[in-house]
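Here the structure comes first, spelled out in C-alpha cells, and everything after it is commentary.
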Amino acid sequence: MGGLIARDGEKFERFSEWFDNVLLTARIADSRYPVKGFLVYLESGWFVIERVRRRLEYLLEEDGHLPMYFPLVATLENFSREAEHIKGFMGEVFAVGKLRVGGGEEQQEAPLILRPTSETIMYPMFALWISSHADLPLKIHQSCSVYRYETKATRALYRVREIPWNEAHTAHASQEEAEEQVRRAVQIYRRVLDELGLAYLTLRRPDFDKFAGAEYSIAFDAWNPDGKVNQVATVHNLGTNFSRVFNVEFEKKEGGKAHTWQLCYGFGYSRVLAAIIAQHGDDLGPIFPPTVAPIQVVIVPIPYKGREQEVRSYAQEIYSTLRESFRTRLDDREDVTPGEKYYYWERRGVPLRVEAGPREAQSGSVMLVRRDTGERRSVPLTGLKESVENVLAEIERSLAERARRKLEELVVEVETVEKGAGMIEEGKICKVSWCGSESCALSLKSLMGAEVRGYRYDMDERSERPCLVCGSRGRTYLYVSRAY
RNA sequence: GGGGCCGUGGUCGAGCAUGGUCCAAGAUGCCUGGCUUGGGCCCAGGAGGUCGUGGGUUCAAAUCCCACCGGCCCCA
C-alpha cells in the first residue's frame, strides 16, 4: 500500500475548472454570490488570509508602520487632483449616492466614490499631520478592501471588484530616504512571500505600465499554472507627485519648505491566496503550507473489529498531545471509512495526516503521511511533537522548492520574438534581451502577444545579446508573459 | 473597446438543431439504513430543479425571439 503520489496534470491542463472546483470543495471561497466580481470567503480561505495578514502587519509594524484605518469613501474632487492618477483609475471607480426609497438615485452636489486605492483619501490628512521634518518619516498601513469596477472578465481571487489587501503609505524628508524605504518594503514583501513558499519574479515595471501617478513601480509576479502571471504585490515610488497636489509640506531642518517624498505599496491578500492554491496544490486540491494551514494535522483512527475502544483512546491520546502545539483535528466520525477520510482531508489541503490503528496502538507508534508526497513514516509516540514539527518543516521546504523549480522551468530565454510568441502560447514566461528603449518594449507587446512585465529589480541582469526588437546592443532582459 | 460562446437540483452535465413523447437523463455530492473499515468500496432507500431573471411568439417553450443579470473565450 504505497503512498499517494501527487499529480498535477489536471491543474496544468484545465486550470480554470480545477481552480473553481478547488475553491468550493476546499472551503476557500464561494463565487456564486450574485454580484459580479464579489465573492464570499469561506472559513479555510479566510483563515489563510488572516494568517498572512497578521504576519505582514507584524513585519510592517516592526518596521515602524503605524496601523490606521481610513474611510472607504472619497470626494470626487480629492480623487481627481492628481492628473495621472485619475487617468489611470477613473474608468473603474464605483460611485456612491443615496438610495431613494422606491429606487432611483438622488442627485449629489459633490459625488462620492469608493476607494480604488487610498492615496487621495490619506494624503489630505497627511497634509494636516505633517508640518516639520520632525514629523517625518510618517509610515502607516491598513488592511482593508478596495473597490475597482473591472471591465474585463472577473475571476475569483485573481480579478475581483472587492479587493482585500494591505496598503502602506509613507512620507519622507528626502529622496534618499524614500529610496531606502523602497528597499525595505521590497524586503518585507519578499519575506512574507518566501515564508509562504511562493515563487515569483521581482520586476521593475516598464514606465508605460507604472502605477498611475508614480515615478516608478516594482511588482511581484507569481507564476500560475495557466501561464498568466499573477501580480501579488507592488511597491511604488511616488516622488513628490502626490505631495505637491495635496500640499504635503514640511519645514526643513535647515529652514525653508519642501514637499515630502512619498511611497505607497500594496499587498493583495486574495491574489496571494490564489498563488498558494495554484502553486502548491495538486489535482486533488490545495496543499496548504503548514504556517497558514487552517488544519495542520488531521488524525485518522483506523478501527479494527473488537479493538475499537483501544484505537479510540489511543487516537485521543495522540490528539491531546498534538493539539497543544498544532492546529489539530481528530476525525472520529464512525460512519466513514478511513479511506474516505484520507480523501476528504486531502481535498481540503491538510498538509499532514496521522494514522493510528491497532498496529500503532500495539507498538506505541504513529504513522505520519505527507500530503505533498504521500510519503509514510512510522515514528514513536514519544517525541511525537518533535517528529511532527520536523515533518511540517520538511513539507514547507519541499513545497517552496517545488514551486521554485517550476518557476525556473517556466522562464525561458528566447532568441527571436517569433520563438517568444510560440513560447507564450505554451504558457511560458519569456526572457528577452532588450536595449532599454521604451518603443522596443512597447512593440514587444504586440509582437509576442503578451504583457511586458519589466526587468529584474532584485538583481542586475546584463544581456550579452542584441535587443530582439531593434538589434542594437542589449542592456538587460525584459520578462514577457501573459498576465492576470 | 470589438467579436463570439454559454447559463438545466449543491457540483458537473444530457436534452435545445426539427417546440408537444421532459411534472427533465446520468454522474457526483448530501441524508437514512445495511455491509465494510490500513484509500474514498458495495447494496437498499431518500431529499433536492417555477431549466439565470423578466418580457414576447405559440394551442403548447428548457427548446424560438428580445432585454437584463451572471459566467467564459478570442482580438485590440
Side-chain angles (χ1 to χ4, degrees), chain A residues 1-7 10 14-40 42 90-92 103 149-161 208 226-228 282-285 298-312 314-315 318 331-348 350 353-363 365-371 373-378 421 424-425 427 442-452 482-484:
Chain A
M1 69 207 78
L4 200 116
I5 309 294
R7 290 181 190 287
E10 194 197 342
R14 296 185 306 148
F15 178 74
S16 295
E17 291 90 330
W18 174 84
F19 190 75
D20 289 346
N21 248 313
V22 167
L23 288 189
L24 255 185
T25 53
R27 306 287 305 165
I28 291 163
D30 195 327
S31 57
R32 292 171 298 179
Y33 188 74
V35 181
K36 183 182 170 70
F38 290 79
L39 59 148
V40 178
L42 303 177
M90 205 50 199
E92 52 186 59
Y149 200 102
E150 287 289 350
T151 49
K152 290 178 181 174
T154 58
R155 184 83 141 82
L157 298 185
Y158 287 91
R159 186 179 286 132
V160 284
R161 287 176 169 179
F208 56 80
D226 61 0
K228 292 174 155 184
D282 63 13
D283 281 356
L284 277 172
V298 63
I299 302 164
V300 177
I302 317 285
Y304 192 80
K305 252 205 166 46
R307 299 175 67 178
E308 290 93 342
Q309 193 46 51
E310 183 189 352
V311 167
R312 198 174 303 147
Y314 190 61
I318 295 169
D331 189 349
D332 53 6
R333 288 177 291 174
E334 292 186 4
D335 48 351
V336 183
T337 64
E340 194 172 340
K341 291 177 182 176
Y342 297 167
Y343 189 69
Y344 182 90
W345 294 110
E346 279 159 0
R347 285 200 303 180
R348 281 158 182 75
V350 178
R353 179 173 78 236
V354 167
E355 297 176 16
R359 289 205 294 263
E360 284 77 19
Q362 187 81 59
S363 61
S365 67
V366 299
M367 183 68 81
L368 304 183
V369 187
R370 285 174 59 165
R371 166 70 176 84
T373 58
E375 186 201 329
R376 312 166 73 85
R377 187 182 304 173
S378 177
I424 293 293
E425 280 298 314
L442 271 171
S443 47
L444 269 179
K445 198 172 161 164
S446 49
L447 287 171
M448 289 177 58
E451 303 297 321
V452 176
R482 289 187 175 147
Y484 270 101

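Just so we're clear, the structure is a prediction, and the values are computed from it rather than from any experiment. Just so we're on the same page: letters track the sequence lines, and every chain starts at 1.
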What is the distance from [atom1] of [X] to [atom2] of [N], rounded to the nearest Å?
X	N	atom1	atom2	value
A:L24	B:G9	CG	P	14 Å
A:R32	B:G10	CZ	C1'	6 Å
A:E150	B:G1	CD	P	12 Å
A:R333	B:G39	CZ	P	17 Å
A:M367	B:G38	CE	C1'	8 Å

### Query
Should the pair A:D226-A:K228 be classified as a salt bridge under the 4.0 Å nitrogen-to-oxygen rule?
no
Could you give the distance from [atom1] ([X]) to [atom2] ([Y]), rounded to the nearest 0.5 Å?
X	Y	atom1	atom2	value
A:E360	A:I318	CD	CD1	7.5 Å
A:R347	A:T25	CZ	OG1	5.5 Å
A:R348	A:R371	CZ	CZ	11.5 Å

### CZ (A:F38) with more than 12 external heavy atoms under 6.0 Å
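Yes, because the 6.0 Å sphere around CZ of A:F38 holds more than 12 heavy atoms from other groups.
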### Secondary structure string for RNA chain B (Watson-Crick or G-U under 3.5 angstrom, | for other-strand pairs)
((((((((.[[[..)....(.....]]].(((((.......))))).....[[[[[..)....]]]]]))))))).
### Query
With side chains defined as the heavy atoms from C-beta onward, is the minimum distance between A:Y342 and A:E355 less than 4.5 Å?
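The answer is yes; the side chains approach within 4.5 Å.
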Please state the [atom1] separation for the pair [N] and [M] - nearest whole angstrom.
N	M	atom1	value
B:C6	B:G10	P	23 Å
B:A44	B:G54	P	40 Å
B:C73	B:U11	C1'	22 Å
B:A25	B:A14	C1'	6 Å
B:U63	B:G7	C1'	14 Å
B:A67	B:A76	C1'	27 Å
B:G49	B:G26	C1'	15 Å
B:C51	B:C42	P	33 Å

### Task
Determine yes or no for a side-chain-to-main-chain donor-acceptor pair under 3.5 angstrom, with A:D30 supplying the side chain and A:V40 the backbone.
no
### Message
Please check: side-chain N/O of A:K341 versus main-chain N/O of A:R333, any donor-acceptor pairing under 3.5 Å?
### Response
yes
Under 3.5 Å, which donor-acceptor pairs link side chains of residues 442-452 of chain A to any protein atom two or more places apart or in another chain?
residue : atom : partner : partner atom : Å
A:S443  : OG   : A:S439  : O            : 3.0
A:S443  : OG   : A:C440  : O            : 3.1
A:S446  : OG   : A:S443  : O            : 3.2

### Task
Pick base, sugar-phosphate or nothing for A:E334, based on heavy-atom distances below 4.0 Å to the nucleic acid.
nothing
Under 3.5 Å, N/O pairs linking protein and nucleotides 29-35 of chain B:
none

### Message
Across nucleotides 70-76 of chain B, 5' to 3', mark each nucleotide with B, S or - according to how protein heavy atoms within less than 4.0 Å reach it.
### Response
SSS----
### Task
Return the orientation label for the A:Y158 and A:F15 ring planes: parallel under 30°, perpendicular over 60°, tilted otherwise.
perpendicular
### Counterpart residues, ring-ring contact (aromatic ring centres under 6.0 Å, His included), relative to A:Y314 (two or more places apart)
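Partners of A:Y314 by the ring-ring contact (aromatic ring centres under 6.0 Å, His included) criterion come out as none, since no residue qualifies.
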### Task
Decide yes or no, distance alone: a donor-acceptor N/O pair under 3.5 angstrom between the base of B:G39 and the side-chain of A:E355.
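Under the 3.5 Å cut-off, the side chain and the base do not form any donor-acceptor pair.
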#### Entry: Pairs involving residues 16-25 of chain A, ordered by first then second residue, that meet salt bridge (Lys or Arg N to Asp or Glu O under 4.0 Å) (sequence neighbours left out)
A:D20-A:R155
